[in-house]
Amino acid sequence: MAQPELERLTVDAIREYRASVAIAETARLDRLAAEADANCCPDRRAELERMHQCAQTDHHARQLVLNDLIDRLGYVPKVSAG
């Protein structure tokens, strides 16, 4: 694979990884809020737990892909926050 294409894929993976961090954190906070809410029904708590686990699994998978791409590229490309 050509270096420019690998860099483009790595930049895309960084952006996807950052999004997965935000999604996983939101899912975690939603789950914690439900656990602290005595009025939250058990089905809703279970649903939020599943959503959190899925978000964590997706985040971990994206992290592995990103690590592999960075290893292949040989450096971490700069990616704007926006």
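Source: prediction; values computed, not measured.
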Sole candidate of D58, L64, T57 that passes side-chain contact (heavy atoms from CB on, under 4.5 Å) when paired with H60: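 It is L64, the one option of D58, L64, T57 that forms the side-chain contact (heavy atoms from CB on, under 4.5 Å) with H60.
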Determine, for R45 against E49, whether the closest basic-nitrogen to carboxylate-oxygen distance falls under 4.0 angstrom.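 E49 and R45: not salt-bridged.
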With heavy-atom distances below 4.5 Å as the criterion, would you say the side chains of M1 and L9 are in contact?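 They are in contact (side-chain heavy atoms under 4.5 Å apart), so the answer is yes.
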For residues R31 and R28, determine if any side-chain heavy atom of one lies less than 4.5 Å from a side-chain heavy atom of the other.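 Of all side-chain heavy-atom pairs linking R28 with R31, at least one is under 4.5 Å.
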In the single-linkage hydrophobic clustering (I, L, V, M, F, W, Y; side-chain heavy atoms under 4.5 Å), do V11 and V21 co-cluster?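 Yes; tracing contacts between hydrophobic side chains, which count when under 4.5 Å, links both residues.
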Closest contact, heavy atoms only, A24 versus A55: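 Minimum heavy-atom separation between A24 and A55: CA-CB, 3.7 Å.
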When rounded to the nearest 0.5 angstrom, what is the spacing between NE2 in H59 and SG in C54?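 With rounding to 0.5 Å, NE2 (H59) is 14.5 Å from SG (C54).
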Should E5 and R8 be marked as a side-chain contact (heavy atoms from CB on, under 4.5 Å) after you check the CA-CA gap, both sets of side-chain angles, and the distance that decides it? CA-CA 5 Å; E5 184 177 352; R8 184 188 57 77; 4.1 Å; yes
With sequence neighbours excluded, residues passing side-chain contact (heavy atoms from CB on, under 4.5 Å) with R44: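 With neighbours one apart ignored, the set is C40, C41, E47, L48.
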Solution key, residues 69-81 side-chain donor-acceptor pairs under 3.5 Å, sequence neighbours excluded:
| unit_1 | atom_1 | unit_2 | atom_2 | d |
| --- | --- | --- | --- | --- |
| R72 | NE | D68 | OD2 | 3.0 |
| Y75 | OH | E7 | OE1 | 2.4 |

Listed by chain and number, what are the ring pair (Phe, Tyr, Trp, His ring centres under 6.0 Å) partners of H52, not counting sequence neighbours?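 Partners of H52 by the ring pair (Phe, Tyr, Trp, His ring centres under 6.0 Å) criterion come out as none, since no residue qualifies.
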